[in-house]
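Structure, as structure tokens:
Every chain is numbered from 1, with letters handed out A, B, ... down the list of sequences.
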Amino acid sequence: MPASPQGSQKLPGRSRIKESREYARIKSHGRRFGTGSLLVNWMLEPSCSRSRVGIIVSRKVGNAVTRNLAKRRLREVFRKHQSQLLPSLQLVIVARPSIARKSFWEVEQDFLQAVKTAQIRSAPSAS
RNA sequence: CUGGAAGGGCGGAGGGUCGCUCCGGGCUUCGGUCCGGGGAGGAAAGUCCGAACUUCACAGGGCGCGAUGCCGCGUAACCUUUCGUCGCAAGGCGCAGGGAUACACGCGGGCACCCCGGGGGAAACGCCGGAGUGACGGAUAGUGCCACAGAGAACAUACCGCCUUCCUCAGCUCGCUGUGGAAGGUAAGGGUGAAAAGGCGGGGUAAGAGCCCACCGCCCGGUGCGCAAGCCCCGGGGCACGGAAAACCCCAUCGGAAGCAAGGCCAAAUAGGGGACCUCGAGGCGGCCCGCCUCACGUUCUGCGGCAACGCAGAGCGGGUCCCGGGUAUCGGUCGCUUAGACAAAUGACUCUCUCCGGGCAGGCUCCGGUCUGCCCGCAGACAGAAUUCGGCUUACAGCCCUUCCAGAAUC
RNA sequence: GCAUUCGUAGCUCAACUGGAUAGAGCUUCUGACUUCGGAUCAGAAGGUUACAGGUUCAAAUCCUGUCGAAUGCA
């Protein structure tokens, strides 16, 4: 598998959802389902050119170290696979407490399963 | 060598690909992009103390509230006309120096209590040495408390005892002994209790008692030593003064309040805010001149009793005059803010090499305790993530290193 | 960030200003009643008073420190 010829792998701060109003809008108006240790809310925003992500990790997950690690891993997973997603996708990922015991590879599988179930991939893979 | 205790230190190293954040510089179509550099801890944690800093309040003082409580020394952020270093400069940096603050804390000392060892003594006890503990001003400023048990518990107390006198009865060696009772004396002994009103020895006495005396303890005064807390010695008093202030409290000292969500500035939007004077019912709360709440009163509206009047219920507003231009802003921006410096909060993902640690498998050696080699597994494996800064305390912590002490084994 | 309150039996709460054995209801278990079960009656079990120190003769209570939970303010 070639190293993602299409699209960037960067994730600058503009690709992050940062305002409380946007979180509330996506969680109330978007679609929602859960897979594994994740709970995914998403909606399409045609006016916004790039897809964006926001991450919620509550205090039930663990202490500050555990919560920061979960947020970094979810951000890394989105960064690696953002080019395969639909453009102008607004995504809010909520982590469940079971994420504290999973490795990066397991979190990645959960995310890919969620993407497959939601059918928000941009184009079917070549193979 | 092994194990334990105390104290101190460390908390993997180096590299590659992709990515995040801040700063400086270049290019830019202002969206970005390239180069260089910086980027979590010993506890960053809990927020338990204290300080800096900021705003508000403030003549001074009082009441109230809170904290601290043997003595001495030392220490941070902070300031700096010092020194070094970086920079053209502004300025930054420093295991440098100097100055300042702490009733945070650390170190040392004193005293008290308890334990151990030594030696003195008949004992009580005090002496010497060591370890530990101490919220370590005052119980003669006052108020209150000390359950149960016990005769009596802070104004002491007479249950059993002991002693004296008197009465009754019995015995006989005829004025003594004993039984029972009454009046009194007595805190030495028994018993109760956590605690029984100085300890112990001698004198004294009917029996006793600081009633008297020696020693110890206690209280008062003085000399000397020590910066001081205190200590040594001398003299006097003749004993009164139980515990507890982590009960109320008293004394001394300190503390104005709130906290970077402090606070300053600005864009946009929306209509309300502040001050002075006069007037004004009651109660409660907020520590004390003001505000909020409730009730009453006045007034407006709505509903019900058919309407008005009136009553009930609910909701809203609380007077007048003058003056000022501002006020709010809760995940708006920016400054505060940092050679880490964010504001949905940056250190990550994958991987290679080395070396720690733990486990498993195989093989070699073996004094059968182990040891060496190779491979594999365990997120480099513990606790844990900066949010204004600094000092301290407390709590959590895989493993490793150093020093001292103790115990065991082996060798000399 | 600051402030406040609370941890008592499996659950909900008591225990006065320290005084002895920590109490009540529900729950659980056992027995009785019943053909069986429910209800009822009787009995029993269940507690390191969150943890660790300290003050005191004596601590659930007073003091200090940890741990946990909840609430409020801007």
Side-chain angles (χ1 to χ4, degrees):
Chain A
M1 175 173 168
S4 71
Q6 79 282 8
S8 158
Q9 291 219 335
K10 297 193 174 182
L11 186 73
R14 283 175 290 99
S15 296
R16 310 274 307 281
I17 299 171
K18 292 193 175 184
E19 293 207 7
S20 180
R21 286 190 297 273
E22 296 184 83
Y23 274 92
R25 197 180 73 239
I26 292 165
K27 288 189 73 172
S28 59
H29 294 101
R31 304 188 56 187
R32 178 172 68 170
F33 56 91
T35 54
S37 60
L38 302 177
L39 191 70
V40 176
N41 300 268
W42 63 276
M43 65 184 295
L44 290 175
E45 191 87 10
S47 64
C48 188
S49 63
R50 63 172 68 237
S51 57
R52 301 194 302 165
V53 68
I55 296 163
I56 297 176
V57 182
S58 86
R59 292 180 66 182
K60 292 178 185 175
V61 172
N63 58 16
V65 175
T66 310
R67 296 200 304 272
N68 275 341
L69 185 61
K71 284 189 271 189
R72 284 163 180 160
R73 281 175 167 167
L74 288 175
R75 219 163 52 226
E76 179 70 13
V77 164
F78 179 82
R79 185 183 68 79
K80 279 178 73 175
H81 300 285
Q82 61 181 337
S83 60
Q84 304 168 21
L85 302 176
L86 293 172
S88 70
L89 178 73
Q90 309 294 305
L91 200 64
V92 170
I93 304 173
V94 181
R96 288 170 167 167
S98 62
I99 200 173
R101 296 184 304 273
K102 295 198 173 187
S103 67
F104 176 80
W105 184 82
E106 291 174 299
V107 174
E108 190 174 25
Q109 292 307 305
D110 280 345
F111 178 77
L112 292 176
Q113 180 70 29
V115 166
K116 185 177 173 186
T117 309
Q119 298 179 346
I120 50 180
R121 237 186 275 204
S122 61
S125 294
S127 57

[atom1] spacing across the pair [N] / [M], given as an integer number of angstrom:
{"N": "B:U168", "M": "B:A151", "atom1": "C1'", "result": "29 Å"}
{"N": "B:G46", "M": "B:U395", "atom1": "C1'", "result": "7 Å"}
{"N": "B:A182", "M": "B:G204", "atom1": "P", "result": "36 Å"}
{"N": "B:U75", "M": "B:A96", "atom1": "P", "result": "13 Å"}
{"N": "B:C356", "M": "B:G12", "atom1": "C1'", "result": "8 Å"}
{"N": "B:A342", "M": "B:A40", "atom1": "C1'", "result": "13 Å"}
{"N": "C:A9", "M": "C:G23", "atom1": "C1'", "result": "11 Å"}
{"N": "B:C265", "M": "B:G327", "atom1": "P", "result": "9 Å"}

My understanding is that a pair needs two contacts under 3.5 Å, Watson-Crick or G-U wobble. By that rule, which nucleotide pairs with [N]?
{"N": "B:U17", "value": "B:A349"}
{"N": "B:U29", "value": "none"}
{"N": "B:C172", "value": "B:G175"}
{"N": "B:A135", "value": "none"}
{"N": "B:C211", "value": "B:G203"}
{"N": "B:G374", "value": "B:C361"}
{"N": "B:A195", "value": "none"}
{"N": "B:A252", "value": "B:U68"}

* Hey, which of these two, A:Trp105 or A:Thr66, hits RNA chain B nearer its 5' end, going by closest nucleotide? ->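 Result of the comparison: A:Trp105.
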* Rounded to the nearest 0.5 Å, what separation is found between the CD atom of A:Gln109 and the CZ atom of A:Phe104? ->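 It comes to 10.0 Å.
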* **Distance in Å, A:Leu74 CG paired with A:Ile93 CD1, rounded so as to fall on 0.5 Å steps** =>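 Reported to 0.5 Å precision, the distance equals 5.5 Å.
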Anti/syn call for [N], syn if |chi| within 90°:
{"N": "B:A228", "result": "anti"}
{"N": "B:U186", "result": "anti"}
{"N": "B:G31", "result": "syn"}
{"N": "B:G208", "result": "anti"}
{"N": "B:G369", "result": "syn"}

Restricting both atoms to N or O, compile the protein contacts to nucleotides 346-349 of chain B shorter than 3.5 Å, with distance only.
from: B:U347; atom 1: OP1; to: A:Arg75; atom 2: NH2; distance (Å): 3.4
from: B:U347; atom 1: OP2; to: A:Arg72; atom 2: NE; distance (Å): 3.0
from: B:U347; atom 1: OP2; to: A:Arg72; atom 2: NH2; distance (Å): 3.3

* Which atom names give the shortest non-hydrogen contact between A:Glu108 and A:Val77, and what distance separates them? ->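 In terms of heavy atoms, the two residues are closest at CA-CG2, 4.1 Å.
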* **Pair A:Val40-A:Phe111, side chain to side chain contact (heavy atoms under 4.5 Å, CB included): steps then yes or no** => CA-CA 9 Å; A:Val40 176; A:Phe111 178 77; 5.7 Å; no
* **Structure string for RNA chain C in dot-bracket form, Watson-Crick and G-U at under 3.5 Å, | interchain** => (((((((..((((.....[...)))).(((((.......))))).....(((((..]....)))))))))))).
Return all side-chain donor-acceptor pairs below 3.5 angstrom for residues 66-73 of chain A, not counting sequence neighbours, or 'none' if the list is empty.
from: A:Thr66; atom 1: OG1; to: A:Asn63; atom 2: OD1; distance (Å): 2.8
from: A:Arg67; atom 1: NH1; to: A:Gly62; atom 2: O; distance (Å): 2.9
from: A:Arg73; atom 1: NH1; to: A:Lys102; atom 2: O; distance (Å): 3.2

